[in-house]
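Everything on this sheet refers to the single structure shown next.
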Amino acid sequence: MRVNQLKDISKNHVNQMIEAMAMLLEVKVKTSKNEKRYADMVIQDASKRMEVKCWDYDDHEGLLSSLEANAVVMLRGIVGEYQGQLQLTIKQLQKAEEAEIKMETLIPVSDWGAETLQKGLQFFYDKIKNPQMRELVSRMIFNEAFFDKYCTYPAARQVHHNFYNGLLQHTLEVLKYAITVATTKKLTDRQQDRLIVMGLLHDWAKIIEYTPLPAIGFTDAGTMLGHIFLGAHTALNIMNEIKGFDEEDKLIILNGLLSHHGKLEFGSPVLPKTVEAQILHHADKMSGDIESILSFMQQQEDNSDSFTGKLWNMGTDYYRRGV
Ligand SMILES: [Fe+2]
Ligand SMILES: [Fe+2]
């Protein structure tokens, strides 16, 4: 039976053979206790990412070892159930026909839509009054070298906003939350300008830290330096080139970028030292946490229990009913 999307695989398919198109993200070859080789694989389409098993690795070795990274495959597999979770065991695999592949069905995309995301970015940029801060943003975002990446990159490898346009959606969520607090507490125009700049740039360096979708991984610079340093470093270099950039604004913006993870143990080298930096940190955490809970619940749609499994980054399970 052909399923259109991986998320359509349900308990109704248990013990049946299904056929689906998916992107092959990972193949880990392992050896079982009886010396037989098998593969733990990760597949995905736009609807879902799944771990699957291939017990007869030797039968598929020729194909699997010849595939390039993130190859698109047609697969046939048997659906099973283990401890309440659906499992898929691959039985047959072949490279998908080039003409049949539609990338947008294989990579998850932000459901805000490209136009809304672009409008949101322009909206917050237009709010910045200080000309030097506007120039900083225009050189880091509205710049040929960075713009496409900034608009299409994911915001995280796992956990939250790990989809096409994810960085921009996350950035706009952070700004919406942050601006609500800033206006409620009547921050000055200068504070609000700094907060918007910090929000727009806080995860900017993920475009350097990560390799592009569909295979989100770390670049060498990402592994060695991380987006917190890379963002602050790039921003400082550019601020130093902009004539008349206020020294105090520089300091506050840099502190905001460096401290946005909120705690030293979460990778920030310094703590938030201004109200703007503290708001940025809370807004960032809110956006990441809420998205991770909602997407986790969605991934577990085939789970009929009242509670999800434990969401590791939040340290608890969530009640799934009452929606
Ligand atoms: Fe970050
Ligand atoms: Fe962030």
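Quick note: numbers below take in every heavy atom, side chains included, and nothing from hydrogens, waters or symmetry partners. Order of appearance sets the numbers: ligands from 1, and atoms from 1 within every ligand.
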| query | Of all the N, O or S atoms in D203, which one sits nearest to the Fe ion (ligand 2)? | reply | OD2
| message | Less than 6.0 angstrom from the centroid, inside 45 degrees of the normal: does K176 satisfy that with respect to the ring of W112? | response | yes
| task | Taking the Fe ion (ligand 2) as the reference point, name the nearest N/O/S atom of H170. | result | NE2
| field | Candidate pair D45 and K7, rule salt bridge (charged side-chain N to carboxylate O under 4.0 Å, His left out), full reasoning | value | CA-CA 9 Å; D45 69 4; K7 80 168 170 52; over 6 Å; no
| note | Here the vertex angle at the Fe ion (ligand 1) for NE2 of H261 and NE2 of H227, given to 10°, is 100°
| query | With a 6.0 Å cut-off on ring centres, are H202 and H281 close enough? | reply | no
| message | Which atom name does D284 have for its N/O/S atom nearest to the Fe ion (ligand 2)? | response | OD1
| task | Before accepting this row, confirm whether a basic side-chain N of the pair D40/K28 lies closer than 4.0 Å to the acidic partner's carboxylate O. | result | no
